[in-house]
Amino acid sequence: MSDQININVNGSKIRTDSDQLIIEACEDSGIHIPRFCWHKRMDPVGMCRMCLVEIETPRGKALVPSCTTKVSEDLVVDTESEVVKKAQEGVLEFLLINHPLDCPVCDKAGECPLQDQTMAYGPGESRFVEDKRHFEKPIPISEIILLDRERCILCARCTRFSDEISGDPLIEFIQRGNKTEVNTFPDEPFRSYFSGNTVQICPVGALTSTSYRFKARPWDLKKVSSTSNCSSMGCSVELNVSQNKMLRILGEDNEFTNQGWLSDKGRYNFEYLHSEKRILKPVLNNDSTNEISINESMELISNEISVDNNSNISFIVGHNSTNEEYYALNNFAENLNKVNKDQNINVYLSDDYLYEGFFQNTDLLGKVQDLDLVDTIILWAQDIKDNLPTLYLRIRQAVKNGKKLVIFGHTNTAMKELADSYFGQEIISKNLEFNVEISEIPNFNELINNKNVLAIIGKSSPIQNTNPISNLINYLDKNSNLKILNCFAKGNTFGALQNIDLVKGLNEFINEFDSRKNNIVFTIGSNPVNSSIYSNQIKDKLMDANFVVSLDLFKNETTELANIILPTTSLGEKEGTFTNLEMRILKQNKILPTPGSVLNEWEYWSMMLNKIDIENNYESEFELNLQLCEEYLDKDNVPSFDNLNKPSNLDGVLNSKSINIEIENVEPGTLEILFVNRLYGDSSTQINSPSISMLGAERFIEMNNDTFIKHNLSSYTVNLVQGVITLQVKIKINNHLPNELIIAPLNRRGFRDIDTTKPYELIEVKNLEELSVN
Amino acid sequence: MSWDNELLERAHKIIELYPQKRSALGPLLYLAQEKDGFISDDSIVEISNLVDITEVQVKSVSSFYSMYKEEQTGTYLLSVCKSISCEINDSRSVINSVKEFTGLENYETDQDKLFTFEEVECIGACGGAPAIQVNYETVEGLTPEKTIEMCEWLKNDKPEIIVADQLQNKFGGTQSFDWAIEDNTGSAYTVPGFQNIGTAKEKDN
Ligand code: SF4
Ligand code: FES
Ligand code: FES
């Protein structure tokens with residue numbers, strides 16, 4: 001903590017931290033200083049001079065940029081003097097020299113800092129009669145971002161973001177003086193997972209996104225704060241809606257989680273909400289012409305579940321439900337159990353990365369914020385940049401602030417540059433097991449012994465023996481002051497874990513499926529037939545099942561096998577709570593009407609209970625929430641709707657419940673291929689969001705150069721052959737990988753059929769004819 | 001890969017001179033310019049790989065500094081000073097004589113790719129104004145006549161290496177001070193002749 005000092009601003013005394021900038025100190029005391037380039041989450045550059053203020057110096061009054069000048073004891077600041085006003089007018093007049101003033105056709109108009117500040121501080125008149133500079137407008141700098149260079153005021157927010165925050169500086173200033181422009185390198189588009197943030201922070205309309213361009217005027221937008229379910233980080237977002245259509249998602253600055261940033265997936269994955277392909281009515285036997293009423297569908301389902309023979313009732317849940325919905329489902333399952341004790345009822349979570357995790361000792365559970373407080377960060381998990389992109393940003397920032405990062409295994413190669421120690425193939429085998437005793441790992445002990453350590457821990461691969469992970473945690477627990485972040489990456493996984501009494505994995509579903517019984521399967525917002533390494537087996541089981549009900553937004557490989565499809569709601573269409581990976585409970589809010597005759601998941605569970613004459617005791621999300629709050633461990637700090645809805649509670653509430661996961665540890669045999677989930681894939685929500693639908697289309701595998709040579713390859717396009725499967729893929733060289741291990745994307749078309757433990761062949765694609773076959 | 005092994009070897013030697021790879025960016029850009037007469041996109045890709053920064057970061061630097069050329073230059077780059085000291089010593093007529101002889105306007109290159117002409121800001125030779133640089137080798141105390149003589153000499157003799165001392169002896173006048181005593185090295189390309197990065201060439205007579 002830094003000391004508090006006094007400064008004097010516009011004649012009044014202000015108390016402030018001694019290491020603050022003038023602009024921050026003033027902001028905190030409610031004195032707004034206009035600015036373009038300064039952003040509180042980035043280093044100051046003093047680029048635009050809009051924030052000039054007068055301070056008293058030993059040599060008299062001086063104009064200084066308040067965004068680069070720190071406060072000091074008894075500093076006297078004037079933010080409103082005549083001189084300051086003149087400076088502000090001057091700066092704005094200069095900025096407008098080359099600005100095209102095409103506000104009538106600019107997306108930013110209405111929420112444009114340049115427009116607003118020109119109104120508030122500008123000279124009102126221009127003396128500039130010469131020609132403005134002209135550029136082609138707009139130019140696409142990636143599939144989703146457009147750049148209008150004429151509008152740019154060279155504040156360097158976008159370039160600093162991509163350099164400082166996201167670490168992929170693909171956008172930069174080119175040229176000098178009045179020729180300066182922002183641009184990318186000719187063949188190197190702005191393909192960053194985080195590019196959308198630059199659109200949000202650009203203080204003019206120079207950077208725009210394809211999905212929002214010309215769609216709305218800011219003053220027509222309805223807005224609500226909510227929580228993204230793009231990953232288990234639970235990023236705070238603002239949903240923007242106009243005429244009942246979601247048009248934009250913006251990041252909200254939540255100190256504890258995303259700090260304002262979003263991944264492009266979290267930002268742009270929403271157009272599917274209004275896709276024509278959405279299911280809007282219950283459908284019978286996967287036949288679109290066979291739409292039925294909700295009542296009919298409930299009749300049919302209740303007839304099946306109330307049959308009095310010993311049925312196996314399975315629920316395969318996804319990660320997009322709210323806590324309330326998981327709770328209602330759990331309640332439904334419990335009640336079914338009460339009705340017929342012979343029934344076998346189980347809930348499975350559709351995530352191959354699920355394992356038992358480390359939840360026993362709640363004292364050990366860490367927070368995202370611990371990244372900034374510990375000495376060392378240990379990472380052994382699936383690819384963080386692709387699966388928890390905003391957590392990746394937080395780790396980057398922590399490393400920048402001097403935290404040591406230790407990475408185990410082969411999935412987080414993209415973060416190797418950030419790591420103090422990267423334990424690759426010498427330490428961790430291809431099978432993700434230790435090659436050496438943990439205590440013998442070189443330079444490891446000094447990074448952890450008696451240090452504060454945060455371990456971000458999870459499976460690296462869908463198939464992995466988890467004993468090494470447990471051993472590592474035990475070792476860390478003994479030797480360091482340990483906190484753990486369990487790294488299940490998907491949406492509201494932690495909400496499912498907390499609100500469902502016992503959760504199992506997909507492998508358990510397959511093993512427990514007993515074809516001699518009457519099998520009834522519910523899939524809820526999950527597509528296990530297309531998202532798992534067990535997909536083929538699951539497909540067989542679902543085909544074998546007596547009755548399948550799918551609750552989903554779209555038809556997909558799983559709903560194809562369903563007897564009844566029930567349409568459900570999604571982000572913005574439902575209200576509820578969300579639990580992130582640190583057990584922070586955040587609010588999701590409703591701003592869109594429910595389309596067609598779509599119902600929330602919990603409403604279906606409630607209606608089904610009614611149909612089989614069981615009384616349920618909830619009638620709204622609100623009541624569900626009241627009930628589920630009863631079970632939180634910390635009773636004084638309950639995340640009720642009331643609690644979370646207060647404007648101050650964007651931050652959410654930390655709380656947890658006991659978690660029971662039952663998953664058998666599988667021995668992988670020999671891993672030949674390491675599956676990773678990429679940020680962009682072929683999920684039905686992404687495929688049905690036109691702006692980003694193509695981003696997950698490319699099929700590529702990664703390997704190191706030695707492996708490339710060993711396979712005798714000369715071209716980077718090959719056929720990956722395993723048994724009857726042939727996949728045409730591109731090869732990317734990644735020299736952080738161990739020999740003879742390739743990385744393949746699990747969530748891209750075609751890869752799911754591949755068995756990661758079986759040998760494969762890479763065969764060169766000889767000629768163009770062959771190229772066009774696939 | 002657009003750079004041959006010899007150039008790559010030179011690049012690696014330069015990179016070794018610095019504690020951080022990216023610090024070698026400036027000299028490497030001169031190598032690129034030595035190779036093509038300008039900074040090609042291919043070279044930018046090459047350099048970005050060599051020093052581990054993105055292509056656009058290299059481009060940002062190369063396009064910022066005017067001594068890194070974005071377009072092909074002629075064999076001889078004539079940089080005529082137009083700043084204040086030269087101006088008051090009649091650099092205008094020196095500039096005009098170059099323009100007249102070459103037929104070029106500012107930043108133009110002739111069809112034979114022999115001359116590129118540019119007017120530049122102060123080249124630090126104010127004491128001997130007016131001054132010109134030929135491939136960044138400075139000659140001071142010029143007159144319009146001597147300037148034309150120099151251009152003719154360049155055109156006819158096509159010297160492979162330009163050495164400041166030689167230029168000064170042949171065509172120069174007042175000198176601010178002796179840049180390098182008995183300097184026999186100069187520049188063979190449109191980049192400054194620096195010994196430590198190997199762009200300086202020895203003249204053998
Ligand atoms: S494009 Fe926008 S954010 Fe980037 S420098 Fe220009 S004005 Fe600033
Ligand atoms: S905000 Fe201070 S110079 Fe731009
Ligand atoms: S002004 Fe011409 S060399 Fe300085």
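As the structure is a prediction and not an experimental result, all values here were calculated from the model. Excluded from the calculations below are hydrogen atoms, water molecules and symmetry mates; all remaining heavy atoms, backbone and side chain alike, are included. By convention in this document, chain letters (A, B, ...) are assigned in the order of the sequence lines, proteins followed by strands, and residues within each chain are numbered from 1.
A donor-acceptor contact under 3.5 angstrom links the side chains of A/Thr707 and A/Asn704, judged on distance only.
Within the 4.5 angstrom heavy-atom criterion, only side-chain atoms of A/Asp163, from C-beta onward, approach chain B. Both the backbone and the side chain of A/Gln175 have a heavy atom closer than 4.5 Å to some heavy atom of chain B. Contact of A/Pro186 with chain B is made through the side chain alone, with heavy-atom distances under 4.5 Å. For B/Ser48, no part lies near chain A; criterion is any non-hydrogen pair under 4.5 Å.
A salt bridge links B/Glu119 to B/Arg92: at least one charged side-chain nitrogen sits closer than 4.0 Å to a carboxylate oxygen.
The closest donor-acceptor contact from the side chain of B/Ser63 to the backbone of B/Lys59 lies under 3.5 Å.
Using a 4.5 Å cut-off on side-chain heavy atoms (C-beta onward), A/Glu164 and A/Lys400 make contact.
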